[in-house]
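So the structure is just underneath, and the comments pick up after that.
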Protein chains: 2
Amino acid sequence: MMIDELNWKILKCLQENARMSNAEIGRRVGVTSPAVSERIKKLEDAEIIQGYTTFVSPLEVGYQFKALITLSAFMGMLKPFLEKVKTYDEVVNCYRITGNENIVMEVVLKNQRHLQTFIDQLIIFGETKTQIVLSHVVKYSEVKPIK
Amino acid sequence: MMIDELNWKILKCLQENARMSNAEIGRRVGVTSPAVSERIKKLEDAEIIQGYTTFVSPLEVGYQFKALITLSAFMGMLKPFLEKVKTYDEVVNCYRITGNENIVMEVVLKNQRHLQTFIDQLIIFGETKTQIVLSHVVKYSEVKPIK
DNA sequence: AGTGAAAGTGATATACG
DNA sequence: CGTATATCACTTTCACT
């Protein structure tokens with residue numbers, strides 16, 4: 001599928017604020033709301049738009065910190081881990097990566113004890129490395145057109 | 001601010017689909033749409049809700065891969081980097097972390113050459129480590145109530 | 001803090017450039 | 001692929017509880 005300039009403008013609006021009305025998007029990009037509606041539908045069908053979500057602040061709801069946890073899986077333990085990780089409420093993001101380290105997870109934790117019990121659950125899968133997140137410098141920045 | 005069970009149900013709906021109408025949320029959680037509207041406004045004011053966004057697939061719009069790039073900053077170079085990183089279109093997320101490695105970035109790249117030119121920009125700030133993302137196993141999972 | 005009703009605005013389907 | 005119109009749904013405000 002083709003993404004023209006108008007579609008990029010619509011994607012920009014939606015990335016800025018997913019709850020913006022089609023009418024408001026239309027005003028900003030210079031078309032009517034049915035046109036916006038149809039284009040959004042096509043972007044969804046083409047899976048260019050993969051969903052709409054809300055940022056809920058982990059700190060404001062009582063989690064004390066975030067951490068990045070890196071897992072170097074033991075032989076044969078990567079596959080079971082990939083299934084298991086989906087069930088952890090703590091994990092908000094999980095990437096499989098190249099190299100000796102196989103997995104990086106972004107986790108939300110309520111306190112140090114919680115970190116300990118969480119890491120304890122991982123030891124059967126491999127070796128872990130924990131890095132506490134001090135700040136989220138760039139947060140879910142927009143995906144922009146390729147130059 | 002207090003987050004009661006009703007607010008958690010509303011947050012669950014919004015995290016699943018930020019574009020869900022207040023009326024639809026109301027039907028699912030058992031209140032009227034003005035009630036939903038008012039609660040959402042309070043959650044926004046309390047900065048529990050920090051925004052609404054749209055997932056645009058980097059691969060579908062022409063980026064060939066993602067990478068995690070770790071930066072171990074040279075003495076005195078962390079602060080200038082923290083300003084500079086906001087200007088990079090490639091960086092969709094950037095975390096400052098504890099330990100010898102100071103920064104982890106999630107970046108979208110159009111090809112190998114792009115990776116090289118991007119890393120070249122970083123060498124003045126510190127040493128880098130690059131891990132190519134093979135898959136995004138858990139994607140922006142919901143933040144859930146603390147048990 | 002939530003409901004119900006009124007008025008305004010937005011979404012959707014259809015007909016037509 | 002877009003607009004224009006009409007109908008229906010949703011949002012917002014407000015009086016009341």
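Residue numbers begin at 1 in each chain, while the letters A, B, ... track the order of the sequences. The structure displayed is predicted, hence computed values, not measured ones.
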Excluding sequence neighbours, so at least two apart, what forms side chain to side chain contact (heavy atoms under 4.5 Å, CB included) with A:Ser33? A:Asn22, A:Ala23

Strictly under 4.0 angstrom, non-hydrogen atoms only: write out the protein contact profile of nucleotides 1-17 of chain D, one letter per nucleotide from the 5' end, B, S or -. SSS------SBBB----

Once ring pair (Phe, Tyr, Trp, His ring centres under 6.0 Å) is applied, what residue pairs with a partner in residues 97-117 of chain A remain, sequence neighbours excluded? none

Starting at the 5' end of DNA chain C, write a dot or bracket for each base, bracketing those in Watson-Crick or G-U wobble pairs whose two distances are under 3.5 Å and using | for partners on another strand. ||||||||||||||||.

In whole angstroms, the gap separating C1' of C:dG2 from CD1 of B:Ile10 amounts to 12 Å

What residues, two or more places apart in sequence or in another chain, satisfy ring pair (Phe, Tyr, Trp, His ring centres under 6.0 Å) together with B:Tyr88? B:Phe118

Polar atom pairs (N or O), protein with nucleotides 6-8 of chain C, under 3.5 Å:
none

Greater than 12 external heavy atoms within 6.0 Å of A:Arg96's CZ: no

In the hydrophobic clustering (ILVMFWY, side-chain contacts below 4.5 Å, transitive), which residues join A:Leu43, or is it alone? A:Met1, A:Ile3, A:Leu6, A:Trp8, A:Ile10, A:Leu11, A:Leu14, A:Met20, A:Ile25, A:Val29, A:Val31, A:Val36, A:Ile40, A:Ile48, A:Ile49, A:Tyr52, A:Val143, A:Ile146, B:Val56, B:Val61, B:Tyr63, B:Val92, B:Val108

B:Leu134: hydrophobic cluster co-members (side-chain, 4.5 Å): none

Output all residues satisfying side chain to side chain contact (heavy atoms under 4.5 Å, CB included) with A:Phe65, sequence neighbours left out; order by chain, then residue number. A:Leu109, A:Leu115, A:Ile132

Partners passing side chain to side chain contact (heavy atoms under 4.5 Å, CB included) against B:Ser141 (at least two apart in sequence or in another chain): B:Val138, B:Lys144

Listed by chain and number, what are the side chain to side chain contact (heavy atoms under 4.5 Å, CB included) partners of A:Gln50, not counting sequence neighbours? B:Phe55, B:Ser57, B:Lys139

For residues 99-123 of chain A, which residue pairs pass the salt bridge (charged side-chain N to carboxylate O under 4.0 Å, His left out) check, not counting sequence neighbours? A:Lys66-A:Glu106, A:Glu101-A:Lys129, A:Glu101-B:Lys129

